[in-house]
Amino acid sequence: MRKNIVAGNWKMHKTHSETIALIEEIVLKKQNTSTEIIVAPTFVNLQTAVTISEGNNITVAAQNMHQAEGGAFTGEISASMLTNIGVNTVILGHSERRAYFHETDALLANKVDTALKHNMRVIFCFGEELKDRQINNHFNVVEYQLRDALFHLQKSDWSNIILAYEPVWAIGTGETASPEQAQEMHAFIRSLIEKVYGNDVAENVSILYGGSVKPENAKEIFSKKDVDGGLIGGAALKADDFLAIVNGF
Ligand code: PEP
């Protein structure tokens with residue numbers, strides 16, 4: 001059975017003290033839920049986030065990671081640096097990493113391999129730009145992104161993969177894919193996985209939707225059959241909004 005997951009990508013927001021305050025508020029206000037709650041603060045605050053989250057059913061994820069085991073890569077963070085402080089989940093391929101830091105699917109394939117080698121879970125982000133959707137090329141774009149970054153994996157690797165479909169035109173824009181558009185793409189993604197890896201992998205992989213999910217629209221998006229949760233940006237920065245989204249299931 002696949003899991004429902006709501007993950008907050010905090011991006012370059014929240015200082016150390018703000019990180020403590022936000023996680024403490026989430027811990028205080030959250031209700032019992034079978035939905036996995038993930039928070040992804042910036043690197044410098046991960047260790048503190050792990051300490052406060054421990055025993056509170058909150059998973060801490062990193063927002064990025066380097067593909068090399070270590071070495072002369074100034075400013076970068078390795079998989080073992082993350083796992084050593086108890087961070088075992090990493091977001092890879094976010095559209096901001098692709099757009100501003102030129103991350104390609106080939107590079108992301110390496111990052112995914114490194115993360116899996118370290119037994120980490122990967123939240124793999126992908127999605128089309130507006131120009132692709134306008135010319136009805138969005139299914140092709142998504143198929144190529146998955147093929148180039150993930151379809152070299154073994155069947156067994158998929159237990160550590162979480163997919164996050166994030167149409168770029170919906171990220172941070174206030175514009176959301178309609179629940180029907182999300183469902184249509186999620187069903188397409190699941191059918192692709194089924195074609196390559198079979199029904200058991202397809203049925204067990206969680207596919208999150210990301211792009212301007214808010215308390216007002218979460219419930220309807222999450223009600224769709226192939227939507228297993230959300231990757232949340234802006235609305236993850238306030239405990240009440242984030243928890244209202246979590247409660248959308
Ligand atoms: C994101 O950055 O992954 C995201 C979905 O952002 P927002 O919710 O702000 O659109």
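Excluded from the calculations below are hydrogen atoms, water molecules and symmetry mates; all remaining heavy atoms, backbone and side chain alike, are included. Numbering of ligands and ligand atoms starts at 1, following listing order. Because the structure is a prediction, the values reported are computed rather than measured.
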For this session: Could you tell me which atoms of ligand 1, counted from 1 in the order shown, lie closer than 4.0 angstrom to a heavy atom of Glu166?
Result: 1 (C), 3 (O), 4 (C), 5 (C)
Problem set entry | Atoms of ligand 1 close to Gly211 [distance to a heavy atom under 4.0 angstrom, numbered from 1] | 5 (C), 10 (O)
For this session: Under 4.0 Å from a heavy atom of Lys11: give me the atoms of ligand 1 that qualify, with their elements.
Result: 1 (C), 2 (O), 6 (O)
Problem set entry | Distance-minimising heavy-atom pair for Arg98 and Gly93 | NE-O, 2.8 Å
For this session: State, yes or no, whether a side-chain contact exists between Glu184 and Phe139 at a heavy-atom distance under 4.5 Å.
Result: yes
Problem set entry | Working for side chain to side chain donor-acceptor pair (under 3.5 Å), residues Glu128 and Trp169 | CA-CA 8 Å; Glu128 82 281 1; Trp169 48 272; 2.9 Å; yes
Seminar exercise, completed: heavy-atom search around atom 4 (C) of ligand 1 in the protein gives Gly233 N, 3.6 Å
Seminar exercise, completed: the protein heavy atom lying closest to atom 1 (C) of ligand 1 turns out to be His94 NE2, 3.2 Å
For this session: Return yes when Lys214 approaches ligand 1 closer than 4.0 angstrom through a heavy atom, no otherwise.
Result: no
Exercise. Side chain, backbone, both or neither: which part of Ile171 comes within less than 4.0 Å of ligand 1 when only heavy atoms are counted?
Worked result: both
Problem set entry | Note: Glu129-Lys131 ion pair, threshold 4.0 Å (strictly below) | yes
Exercise. Does Arg147 make a cation-pi contact with Phe151 (under 6.0 Å, within 45 degrees of the axis)?
Worked result: no
For this session: Mark up the atoms of ligand 1 that fall under 4.0 Å of a heavy atom belonging to Gly172, in ascending order.
Result: 7 (P), 9 (O), 10 (O)
Problem set entry | Nitrogen or oxygen atoms of Ala235 and ligand 1 under 3.5 Å apart | no
Exercise. Heavy-atom contacts under 4.0 Å between Ala170 and ligand 1: side chain, backbone, both, or neither?
Worked result: backbone
For this session: Could you check if a side-chain atom of Asn88 sits within less than 4.5 angstrom of a side-chain atom of Val60, using non-hydrogen atoms only?
Result: no
Exercise. Using a distance-only test with no angle check, is there a side-chain donor-acceptor pair under 3.5 angstrom linking Glu69 and Ser80?
Worked result: no
For this session: Identify the two heavy atoms, one from Asp241 and one from Ala235, that lie closest to each other, and give their separation to 0.1 Å.
Result: CB-O, 3.5 Å
Problem set entry | For Ser212, the ligand 1 atoms whose distance to one of its heavy atoms is below 4.0 Å | 7 (P), 8 (O), 10 (O)
For this session: Have a look at Gly210, Gly234, Pro167 and point out the one with the heavy atom closest to atom 9 (O) of ligand 1.
Result: Gly234
